[in-house]
Amino acid sequence: MSAFTVLGTSRLGAEPACEACGAGATVSFNWRYAQERRSAEDVERIKLFAEWRSLRRGALYRCRVCQAVWHLDGRSERMTYVNDGRIELVLAWDAAPITLPPDLVHIVQQIGPTPPDVYGNGRERRVTPCAVETSSGEIFERAMICVQADAPVEDHMQFRLGSEIASIHESAFALPAEVRRASSLAPEMRMGFSPTLIEMPDGRRFVMNGMTSFMLVDGYAAKDAQVTNGSYFQENPPPAFIETPKDIVYFIVDGEPGWVAEEPATVGTSAVRATPKRRTWLSRLFGR
């Protein structure tokens, strides 16, 4: 668990489309905390929402004032605003369970996931970088197999359904598993900056900031990257940053991510390290 409770998230500078529920500016808020605290403000906020339809996990609500759609996760913990353009995908996700056949599960297992960071960010899903071809013939060279229990409501992520997948291959742009693991273990050195140095065969160094899965740099193959010793702050000139691609597509598959929070031995006491539960890959993927 994190060391503090996140009460809500908002878009900086965005004006709400609804003054009552905050749709358009408020991204999400802690429903469970509001239920437990029961302040006058909390009670008024809770009363705003009427359940619209239950999902196979979680439920969709509507604001009684503006009819905006909100999603309550399966743990009844977080209420998240659902953009109108995302509702069709959520309902398609709800229509039937989404699983992968064993041969594709094996490929995903061989590639290996990118773990959450040491502070627990990302532990709500299990992501594995790969290339995907869909049954309709579309090819995505920068894709993620995304195992999560809840519906794909976050509108900052490009989601597709795992049921569309025909084949999975290693991506030419995916970093090696050991490099990705190292990026997830990097502690925060400055506000929002968790650097990990990598080195290419010609000696050139780059820096990753936090959990990193892909590398797109002209003239370099991601598979050749290796973690190297040293401090970013002592490099002269400073290494170039590995930018996260903006076109990553997340193919969502049902299942519990399989991460648990444990205190790391080498990181401050406020941090958590996400480590796999002692369960088989198949049981983690399919939530058994």
Original post:
If you measure from the Lys or Arg side-chain nitrogens to the Asp or Glu carboxylate oxygens, is any gap between D155 and R86 under 4.0 Å?
Top reply: no

**OP:** Go through the steps to decide whether D254 and R57 satisfy the test salt bridge (charged side-chain N to carboxylate O under 4.0 Å, His left out), and finish with yes or no.
**Re:** CA-CA 10 Å; D254 291 348; R57 180 179 166 94; over 6 Å; no

Original post:
Where do I111 and I145 land on the side-chain contact (heavy atoms from CB on, under 4.5 Å) test, with the steps shown first?
Top reply: CA-CA 11 Å; I111 295 171; I145 303 303; over 6 Å; no

**OP:** Could you tell me whether R204 and E199 make a salt bridge, using a distance below 4.0 angstrom between a side-chain N and a carboxylate O?
**Re:** no

Subject >> Salt bridge E154-R125, side-chain N to carboxylate O under 4.0 Å >> reply: yes

**OP:** Kindly say whether G255 contributes a backbone atom to a donor-acceptor pair with the side chain of R126 at under 3.5 angstrom?
**Re:** no

Original post:
Taking atom types as modelled, is there a side-chain donor on S167 or H169 under 3.5 Å from an acceptor on the other?
Top reply: yes

**OP:** State, to 0.1 Å, how close P195 and P187 come at their nearest heavy-atom pair, and which atoms those are.
**Re:** CD-O, 4.2 Å

Original post:
Are side-chain heavy atoms of L161 and I252 found at a separation under 4.5 Å?
Top reply: yes

Original post:
Is a side-chain N or O of E235 found less than 3.5 angstrom from the main chain of P239, in a donor-acceptor match?
Top reply: no

Original post:
Are S213 and M144 close enough, and set up right, to give a side-chain contact (heavy atoms from CB on, under 4.5 Å), and what steps lead you there?
Top reply: CA-CA 9 Å; S213 293; M144 289 282 199; 3.3 Å; yes

**OP:** Taking all non-hydrogen atoms of both residues into account, name the closest pair between V179 and V227 and its distance.
**Re:** CA-CG2, 3.9 Å

**OP:** Please work out whether the ring planes of F251 and F140 are parallel, tilted or perpendicular, with thresholds of 30° and 60°.
**Re:** perpendicular

Subject >> Donor-acceptor under 3.5 Å (R62 side chain, Q67 main chain) >> reply: yes

Original post:
Looking at the rings of F173 and Y220, which for Trp means the six-membered one, are their centres under 6.0 Å apart?
Top reply: no

**OP:** Look only at the side chain of D94 and the backbone of L91, and say whether a donor-acceptor pair between them is shorter than 3.5 Å.
**Re:** no

Original post:
For W31, is the NZ or CZ atom of R75 found under 6.0 angstrom from the centre of its six-membered ring and inside 45 degrees of the ring axis?
Top reply: no

Original post:
CG/D73 to CG/L55 distance, rounded to the nearest 0.5 angstrom?
Top reply: 11.0 Å

**OP:** Check for a donor-acceptor pair, side chain of Y61 on one end and backbone N or O of M79 on the other, with a separation under 3.5 Å.
**Re:** no

**OP:** Please round to the nearest 0.5 Å and tell me the distance separating atom CG of N229 and atom CG of L197.
**Re:** 9.0 Å

**OP:** Assess R160 against Y250: is NZ or CZ under 6.0 Å from the centre of the six-membered ring, and within 45 degrees of the ring's axis?
**Re:** no

**OP:** Of all the heavy-atom pairs spanning T196 and A186, show the shortest one and how long it is.
**Re:** OG1-CB, 3.2 Å

**OP:** Mind checking the CD1-CE spacing from I198 to M208? Nearest 0.5 Å is all I need.
**Re:** 5.0 Å

Original post:
Salt bridge check: are R78 and D150 linked by an N-O gap of less than 4.0 Å?
Top reply: no

**OP:** Give a yes or no on whether I98 and L60 share a hydrophobic cluster (residues Ile, Leu, Val, Met, Phe, Trp, Tyr; joining criterion: side-chain heavy atoms under 4.5 Å apart).
**Re:** yes

Original post:
Is there a donor-acceptor contact under 3.5 Å from the side chain of N209 to the main chain of S194?
Top reply: yes

Original post:
If two hydrophobic side chains count as joined below 4.5 Å and joins carry through other members, does V108 share a cluster with M211?
Top reply: no

**OP:** Verify the distance criterion only: is there a donor paired with an acceptor across the side chains of T9 and S28 at less than 3.5 Å?
**Re:** yes

Subject >> Value rounded to 0.5 Å, distance of CD1 in I242 from CE in M215 >> reply: 4.0 Å

Original post:
Is the side chain of T99 donor-acceptor paired with the backbone N or O of P97 at a distance under 3.5 Å, no angle test?
Top reply: no

Original post:
Is V207 reachable from M189 through a run of hydrophobic residues whose side-chain heavy atoms are each under 4.5 Å from the next?
Top reply: yes

Subject >> N/O donor-acceptor pair under 3.5 Å between D224 side chain and M200 backbone >> reply: no

Original post:
Does E170 come within less than 4.0 Å of K223, counting only side-chain N to carboxylate O?
Top reply: no

Original post:
Mind checking whether V27 and F29 sit in one hydrophobic cluster, side chains of I, L, V, M, F, W, Y counted as touching below 4.5 Å?
Top reply: no

Original post:
Does a sphere of radius 6.0 Å around CD in E138 hold more than 12 heavy atoms from other residues, nucleotides or ligands, not counting ones at 6.0 Å or beyond?
Top reply: yes

Subject >> Gap separating the CZ atom of F214 from the CG atom of D247, nearest 0.5 angstrom >> reply: 8.5 Å

Original post:
Do the side chain of S231 and the main chain of F233 share a donor and acceptor less than 3.5 angstrom apart?
Top reply: yes

Original post:
How are the rings of W70 and F49 set relative to one another: parallel (under 30°), tilted (30 to 60°) or perpendicular (over 60°)?
Top reply: perpendicular

**OP:** Kindly indicate whether the side chain of E44, heavy atoms from C-beta on, has any atom under 4.5 Å from the side chain of E41.
**Re:** no

Subject >> Closest approach of A149 to W93 (non-hydrogen atoms, all atoms of both residues) >> reply: O-CZ2, 3.7 Å

Original post:
Do the side-chain N and O atoms of T228 and R205 include a donor-acceptor pair separated by under 3.5 angstrom?
Top reply: yes

**OP:** Grab the two heavy atoms, one from I107 and one from I168, that are nearest each other, plus how far apart they are.
**Re:** CD1-O, 3.5 Å

**OP:** Give a yes or no answer on whether the side chain of S183 reaches the backbone of R180 with a donor-acceptor pair at less than 3.5 Å.
**Re:** yes

Original post:
Centre of W259's six-membered ring, under 6.0 Å away, within 45 degrees of the axis: is that where NZ or CZ of R123 sits?
Top reply: no

Original post:
Between F241 and F193, does the ring centroid distance fall short of 6.0 Å?
Top reply: yes

Original post:
Of all heavy-atom pairs between P129 and G112, which one has the smallest distance, and what is that distance?
Top reply: CD-O, 4.0 Å

**OP:** May I ask whether V90 and I87 are part of the same hydrophobic cluster, defined by side-chain heavy atoms of I, L, V, M, F, W, Y residues being less than 4.5 angstrom apart, directly or through others?
**Re:** yes

Original post:
Rounded to the nearest 0.5 Å, what separation is found between the OG1 atom of T80 and the CG atom of L72?
Top reply: 8.5 Å

